[in-house]
Amino acid sequence: MNTDKKRTARIRKILRTLYPEVKTQLDYETPFQLLVATILSAQCTDKQVNRVTAKLFKKLATPNDFSKAPLETLETLIHSTGFYRNKARNIKNCAGMLMEKHAGEVPADLEKLVKLPGVGRKTANVVLGAAFNIPGIVVDTHVSRISQRLNLTDNKDPVKIEFDLMEQIPKKQWDVFSLHLIYFGREFCKARKPACPDCLMNKLCTYTGKRS
DNA sequence: CTCCCGATAT
DNA sequence: ATATCAGGAG
């Protein structure tokens, strides 16, 4: 594995040049709404999630609202994000657990967040970073793919990738770096058809699957 | 490891 | 027709 922090710093500099300003693309008003939006974002585009939550949050906004809503109603409202049965059940149970054990508030704590139904480390780190300004590496499909292509990790397990990246990047930059890889992954280092000829990372990248 | 699953790009 | 999208649970 590449543990060269200087090489990683070069990569980070290029990403900062490409994307001076980054933030989550999910729309939300409260930490709880961000939590719901992030659960919905599994295997779904942010664009589609925002389309759904725009209507959803007008009908249901708080943990109390979601915990009391009929499961079938919730399933219908989120249907177009895919995995709608799992997501609806998880969100409803998650809201119920927040009401019972956390006074209706989203805990600003990784260990507590991942105990909520439907919330893994990826979702927890998104919420911690964006809503509470607590640093965390967010390993989603883009971060996983690009970390491997750029040789920032030898691992495929998301948790191992998360810890590999934490070693190479200043803690204050964990969330920005995650967002940088996501922006970069959407525009250049795409899963299916990476834009290698147009990529500023070309001289630092040894990805052998290069094709235009 | 498999399953969950609709919308979109290729 | 098939791969992929800010994954998580059993």
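What you see is a predicted model; the values in this text were computed from it and never measured.
At a threshold of 4.0 Å, the pair Arg85(A)-Glu75(A) does not count as salt-bridged, since none of the basic side-chain nitrogens sits closer than that to a carboxylate oxygen.
Here Phe163(A) pairs with nothing under the ring-ring contact (aromatic ring centres under 6.0 Å, His included) rule; sequence neighbours left out. With sequence neighbours excluded, no residue forms a ring-ring contact (aromatic ring centres under 6.0 Å, His included) with Phe57(A). Judged as a side chain to side chain donor-acceptor pair (under 3.5 Å), and not counting sequence neighbours, Arg16(A) has no contacts.
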For residues 93-108 of chain A, please give each side-chain donor-acceptor pair under 3.5 Å, one per line with the distance, not counting sequence neighbours.
unit_1: Asn93(A); atom_1: ND2; unit_2: Arg89(A); atom_2: O; d: 3.3

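Between Thr62(A) and Asp65(A), the side chains place a donor N or O and an acceptor N or O closer than 3.5 Å (distance only, hydrogens not considered). A donor-acceptor contact under 3.5 angstrom links the side chains of Gln148(A) and Ser144(A), judged on distance only.
Using a 4.0 Å cut-off, no side-chain N or O of Arg186(A) falls inside it from OP1 or OP2 of dT4(C).
A side chain to side chain contact (heavy atoms under 4.5 Å, CB included) with Leu181(A) is found for exactly one of Val138(A), Leu15(A), Asp140(A), namely Leu15(A).
Projected onto DNA chain C by closest heavy-atom contact, Arg89(A) and Asp46(A) fall at different nucleotides, the more 5' of which corresponds to Asp46(A).
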Under 4.0 Å protein heavy-atom contacts per nucleotide of nucleotides 3-10 of chain B, with B for base, S for backbone only and - for none: -BBBSSBB
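dA6(C) and dC1(B) are spaced 23 Å apart, taking the P atom of each and rounding to whole Å.
In the region residues 112-141 of chain A, proximity to DNA chain B at under 4.0 angstrom, judged on heavy atoms, holds for none of the residues.
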